[in-house]
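First the structure, in the form of structure tokens, and then the observations on it.
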Amino acid sequence: MDIARHWRLRDQRYNLQGTVCAGCGHKMFPPRVVCPECRSRKIETFEFSGQGEVYSHTVVYQAPEGFDAYVPYVAALVRLEEGPLISAQLTDVNVDEVAIGLPVEMVTRKLTEQEENGLIVYGYKFRPRF
Amino acid sequence: MTMKPSRQVGIVGYGAYVPRYRLAAEEISQLWRGGQDRDTLPVREKSVPGPDEDSVSMSIEAARNALQRAQIDPTQLRAVWVGSESPPYAVKPTSTIVAQAIGAVPSTSAGDWEFACKAGSETMQAAIAMVGSSMADYAMGIGMDTAQGRPGDALEYTAAAGGAAFVFGPGEEALAVLEASYSYVTDTPDFFRRAHQHYPEHGNRFTGEPAYFHHVLSAGRHLMESLGLTAEDFALAVFHQPNVKFPQRAAQKLGFTAEQIRPGLLVGDIGNTYAGSSLIGLTGCLDAAQPGDRILMVSFGSGAGSDAFSFVVTEQLSKRRSLARTTQDYIARRQPVHYATYARWRSKLLLK
Ligand SMILES: [Zn+2]
């Protein structure tokens, strides 16, 4: 992914900034310009609380390039308390501690480093609430 | 020579961060010295950052905790300053990433501060000045490090990760009001790292008397004398903590009891968090303090110098303390790791 794209996504990545429909109140992550529920275009930014729970999960042993520093790690679908389901890496957790329904919270962590001389990309992950 | 802002300034929010992982000093001792120094270990264990943590991510979490206690909108901050000797980039500020992540951009100053382990308390002096001069109502200062010691070196036992963030604001909103501060520096080559070197050098026997003790005691003594105070006037005190013994000895020389330094003396459990060390100690004090308590904080940075601060706790602390996790909550969140895991995460396989 190029530097410009990482830059455009920074608020979404650092803060779980999504959108809310001014028409029907539907909350969206990632952000969208049209509400999928009522087709309204009156969309405002909305910062998610970061609270949620594990909806499904899998342990990754063979990581895509740039993620091998973290293996084995847990990739999960997290149901945010405001509704949306998002995919994210879990962190600060032992792989055998993860279960469906585990309460988690958003943290901003290092996602990947592009080589020794490249960009360090930060973004959301989830960890068990403590 | 003591410094006082022209209007009352205080801490309106504070937040700590310590990573989840711990490495026992005894394990390091076993590996490099066959356990020969088991009875004289400088700390019990140290905190270790996870593979996805650095001074940026750790500063973000401490800053979010500080904002929760401050109960202000992050766009009200006019400064986000980070003091660290472990910035992830050689060129590109840590502070802009932190400011973006906490929602303080774009109408804010941001900057990375350097002064070995004193970088964090330098941001506090500057934030106090900015609010005290009425240039701003709120300014944030952070001290955070992921310290590294050369494998097998004495520093490896203690070089740890963690720190704290403080939001400074008007005295009437403060959890703890600043009485005065003082800075004491000299050119002292006790510890240094040249550009492009991975690990620092220490001036051997030079680190104790002429460096740490001279600066910490001079700064602490001067501030107390100029305020007409003695150790008995303080409920709590915190000193920079490179190991357990140094702050204990400094406290004793200034007349403080073991009881007065206990809530802020965290190094035995988390190691030396460098630019974060005295700042996270202060969060430990604030977690334990009562209204009316006076707290002394003295930092130390090699090179060398100390900043000293005297704060008086207000009624507002007990109301806002529970709005974020306490420092002990982070210390209790503890997962021991073995040296091999630590070596993999910290890329210790690099030996020069
Ligand atoms: Zn809608």
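All chains are named by letter (A, B, ...) in the order of the sequence lines, taking the proteins before the strands, and each is independently numbered beginning at 1.
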Open item on the list: Are there residues of residues 60-76 of chain A whose heavy atoms fall under 4.5 Å of chain B's heavy atoms? If so, which?
Closed with: A:Asp68, A:Ala69, A:Tyr70, A:Val71
Open item on the list: I need the B:Asp54 CG to A:Tyr122 OH distance, nearest 0.5 Å.
Closed with: 3.5 Å
Task: Residues in residues 80-97 of chain A near chain B [non-hydrogen atoms, under 4.5 Å] - done: A:Thr91, A:Asp92, A:Val93, A:Asn94, A:Glu97
TODO: Hey, could you give me the CD/CH2 distance between B:Gln100 and A:Trp7, rounded to the nearest 0.5 Å?
DONE: 9.5 Å
Open item on the list: So for A:Leu119, is it side chain, backbone, both, or neither that comes closer than 4.5 Å to the heavy atoms of chain B?
Closed with: both
Task: Other residues, nucleotides, ligands: >12 heavy atoms within 6.0 Å of B:Glu114 CD - done: no
Open item on the list: With a strict 4.5 Å heavy-atom criterion, list every residue of residues 19-53 of chain A that contacts chain B, or say none.
Closed with: none
Task: Contact leader toward chain A among B:Asp52, B:Val56, B:Ile60, where contacts are heavy-atom pairs under 4.5 Å - done: B:Asp52
Open item on the list: Sort by residue number and list every residue of residues 102-112 of chain A having at least one heavy atom under 4.5 Å from chain B.
Closed with: A:Glu105, A:Met106, A:Val107, A:Thr108, A:Arg109, A:Lys110
Task: Test item: A:Tyr14 side-chain N/O and B:Val98 main-chain N/O as donor-acceptor pair under 3.5 Å - done: no
Open item on the list: Using 0.5 Å steps for rounding, measure from the CZ atom of A:Phe130 to the CG atom of B:Asp329.
Closed with: 6.5 Å
TODO: Select, from B:Glu61, B:Arg325, B:Gln335, the one with the greatest count of heavy-atom pairs under 4.5 Å involving chain A.
DONE: B:Arg325
